[in-house]
Amino acid sequence: MAADPKASALIKRYKTLQNQRQNWESHWQEVADYIVPRKADITRKRTSGDKRTELIFDGTAIHAAELMAASLHGMLTNAATPWFSLRFEDSDINGDDEAKEWLEGATDVMYQHLARSNFQEQIHELYSDLVTFGTAVIFTENDQDNGVRFSTRHIAECYVSEDERGRVDTVFRKYTTTARAAQKQFDNLTNRIEKIANEDPYKEIELLHVVMPRDDRNPKLKSKMNKPFASIFIDPDEKQVLGEGGYDELPYQVPRFLKASFELGYGRSPSMTALSDVKMLNKMSEIVIRAAQLQIHPPLMVPDDGFMLPVRTTPGGLNFYRSGTRDRIEPLNIGANNPLGEQQLETRRQAIRSAFYVDQLILGTGPTMTATEVIQRTEEKMRLLGPVLGRLQAELLQPLINRTFNILARQKKFKPAPESLRDSSIDIEYVSPLAKAQRSGDVTSILQMIEFLMPLTQIDQSVIDYLDLDGLAKHIIKTTGAPATTVRGDGEVAKMREERSAQQAEQAEMESMQQMATSAGEAAPALRAVEDSETLQSVLGQ
């Protein structure tokens, strides 16, 4: 079968990306060997179930990487607490009760579908890749049962490219599947795959999946061949296209932990920073272990004459020597200094823990620390991860939430939006523990300002005029991420204030009328006296 021109052109692009990634592959393989051996399949392939810890003599780096991945998961996308909310870009709409309640309902629907899907286990796997390889890839797709489905792809399978803004917009993924799975997925199989599927359906084959922007599309047409991102499956051996479709959004989210401006596509990680210390620690641990072994079970100095071999070193072993001689079996003193070795090992371990932010992620508490001090120190430690949070929000959380929202919207999982919201733009607000810690300084500053101003109000009450209490309340509500169901909207607050003002005006009017009536009641006797006096004078005058 003649090669397909489109498939040939895409395979040529794939080989270019493959050449650009070669230096990264050796680096990833070394990181995986020492820090995440379960994924050490970059440049060399191993069979499933094979032991992969032959280079590891100290597990400090493995545990530190696992701790950091779990901490990022708990601080950014914890299933037990809200970690994002939706709001309108137009601040006037955010004050509308109906709009806020609809958006709150849409957010709840997203949380429900995320909880029913495989999001939690896949996002944790992504954090593990991010901490170790510096680049992670997760695939977000439509699911008929749970609405949305996620899949974290091994970095060894993925080849990426950036757009002009430095964001990944192209992913080539070479993966392995069975022939029977390919037969069910594609209608247009090549002769090679068809033959394998008929003879040995469980045999594994390699396919190439390409996702990239589609530049030659017609935006007015709504077919799958005119979607913004092309999805093309290729048989690389036969250079034939097996299937072609499209996506409305980029289905891949590719965050990088750290990224140099002159390096395209891939990022760097704490594991790469700590790699030299990790290798040194493992080598030193091997030497210290051998030294300890020599001390516990040292070599023996045996005279060349007088003993009957073999020498028995087991408990209760009997060794025979010639009677009358002074020759003895003695251990060889190697002069090892185990405390010095342990001190050097601990120094390396601490350097590795620092590279993985262990000191920032685990708060050491003292017996004299108050609860307020613990909270403040925790927030300060979380704020140190601010640069990491900013990149993850831009490259992972925002595109993932947008993709999930659009998938559920196309499935009509949300209630119909009010007519006034049809053309409104929706923005994302992050309310995870780490995001709140980044903003907690504003609330602390406000509370300190109020604390400083309160003594001044005892001297002059007009100092309160400098405070916009409505603005303070709105800012605190926004910063703390209070749910919309617990906060009244601007319209409801205005209505309550109008009713309160009307009640106060009515009460003031009633008090005024009552005061007038009271005054009139007090003046009545005097008026009667005056009237009686005038009547008496009139009678006397007659």
Side-chain angles (χ1 to χ4, degrees), residues 20-46 51-72 125-137 154-156 158 255-293 336-362 381 384-388 391-392:
Q20 294 174 353
R21 208 189 74 167
Q22 285 182 353
N23 289 337
W24 292 99
E25 291 175 356
S26 59
H27 202 169
W28 293 337
Q29 181 64 51
E30 202 168 17
V31 168
D33 286 337
Y34 286 96
I35 300 175
V36 57
R38 64 188 178 90
K39 290 192 172 183
D41 294 282
I42 311 295
T43 58
R44 56 177 181 266
K45 305 300 179 182
R46 308 189 188 188
K51 294 181 181 179
R52 305 183 178 196
T53 57
E54 65 274 4
L55 297 177
I56 298 174
F57 292 88
D58 188 286
T60 300
I62 297 177
H63 301 321
E66 292 175 351
L67 173 63
M68 187 173 186
S71 299
L72 289 175
E125 195 70 16
L126 177 135
Y127 290 130
S128 178
D129 288 352
L130 195 66
V131 168
T132 51
F133 301 118
T135 305
V137 181
H154 195 335
I155 190 62
C158 301
R256 281 76 58 90
F257 192 91
L258 295 172
K259 181 180 176 297
S261 59
F262 56 86
E263 292 180 332
L264 301 179
Y266 306 98
R268 295 183 178 268
S269 67
S271 297
M272 296 178 180
T273 303
L275 184 58
S276 59
D277 286 321
V278 173
K279 293 168 67 177
M280 179 65 73
L281 176 63
N282 279 276
K283 191 63 178 178
M284 291 171 60
S285 297
E286 181 183 4
I287 295 173
V288 170
I289 290 171
R290 289 178 178 174
Q293 185 180 17
N337 189 346
N338 283 346
L340 178 61
E342 287 296 331
Q343 182 181 359
Q344 295 294 322
L345 290 177
E346 188 57 34
T347 301
R348 295 293 177 181
R349 292 190 185 107
Q350 186 57 39
I352 293 171
R353 295 189 190 103
S354 299
F356 286 99
Y357 299 88
V358 172
D359 294 337
Q360 284 74 32
L361 299 174
I362 298 180
K381 287 178 178 293
L384 294 176
L385 298 175
V388 178
R391 179 172 286 277
L392 290 181

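As a basis for the values below, the full set of heavy atoms in this structure was taken, side chains included, without hydrogen atoms, waters or symmetry mates. Nothing fancy with the numbering, it's 1 onward along the sequence.
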> To the nearest 0.5 Å, what is the distance between CG on D277 and OH on Y34?
13.0 Å
> What distance separates L130 CG from M68 CE, expressed to the nearest 0.5 Å?
8.0 Å
> OG of S269 to CD1 of I35: how many Å apart, nearest 0.5 Å?
7.0 Å
> Could I get the full list of ring-ring contact (aromatic ring centres under 6.0 Å, His included) partners for F356, not counting sequence neighbours?
none
> If you count heavy atoms of other groups shown closer than 6.0 angstrom to CE of M284, is the number above 12?
yes
> So do the side chains of P255 and L126 get within less than 4.5 Å of each other, counting heavy atoms only?
yes
> Could you give all pairs that pass the salt bridge (charged side-chain N to carboxylate O under 4.0 Å, His left out) test and reach residues 258-267, with sequence neighbours left out?
E162-K259, E263-R268
> Between atom OG1 of T347 and atom CD of E342, what is the distance when rounded to the nearest 0.5 Å?
11.0 Å
> Nearest 0.5 Å please: distance from the CG atom of N23 over to the OH atom of Y266.
11.5 Å
> Report yes or no: does R391 contribute a side-chain atom to a donor-acceptor pair with the main-chain N or O of L258 at less than 3.5 Å?
no
> Can you find a heavy atom in the side chain of E286 that is under 4.5 Å from one in the side chain of R290?
yes
> Side-chain contact, heavy-atom cut-off 4.5 Å: L264 with Q20?
no
> Excluding sequence neighbours, so at least two apart, what forms side-chain contact (heavy atoms from CB on, under 4.5 Å) with V36?
A32, R38, K39, T132, F133
> I'd like to check M272 versus F257 (side-chain heavy atoms, cut-off strictly below 4.5 Å). Are they in contact?
no
> Can any side-chain N or O of T135 pair as donor or acceptor with the backbone N or O of G267 at less than 3.5 Å?
yes
> Considering all heavy atoms of both residues, which atom of V131 and which atom of P270 are nearest to each other, and what is their separation?
O-CD, 3.5 Å
> How many angstroms lie between atom CZ of R348 and atom OG of S276, to the nearest 0.5 angstrom?
7.5 Å
> Can you confirm whether L55 sits close enough to N282 that some side-chain heavy atom of one is under 4.5 Å from a side-chain heavy atom of the other?
no
> Answer yes or no: does atom NZ of K51 have more than 12 heavy-atom neighbours from other residues, nucleotides or ligands under 6.0 Å?
no
> Is there a donor-acceptor pair closer than 3.5 Å between any side-chain N or O of D33 and the backbone N or O of A40?
no
> Can you name the nearest heavy-atom pair linking I42 to Q29, along with the distance?
N-OE1, 2.9 Å
> Sort and list the pairs that fulfil salt bridge (charged side-chain N to carboxylate O under 4.0 Å, His left out) and have at least one residue in residues 59-69, not counting sequence neighbours.
none
> For K279, does its backbone N or O pair with a side-chain atom of K283 as donor and acceptor, under 3.5 Å?
no
> List for me each residue that meets side-chain contact (heavy atoms from CB on, under 4.5 Å) alongside T60, sequence neighbours excluded, and say none if there are none.
D58, L281, R349, I352, R353
> Sequence neighbours excluded, which residues qualify as side-chain contact (heavy atoms from CB on, under 4.5 Å) partners of S26?
none
> Taking the side chain as every heavy atom from C-beta outward, state whether T53 and I62 have any atom pair closer than 4.5 Å.
no
> Taking all non-hydrogen atoms of both residues, which atom of R21 and which atom of I155 are closest, and how far apart?
NH1-O, 2.9 Å
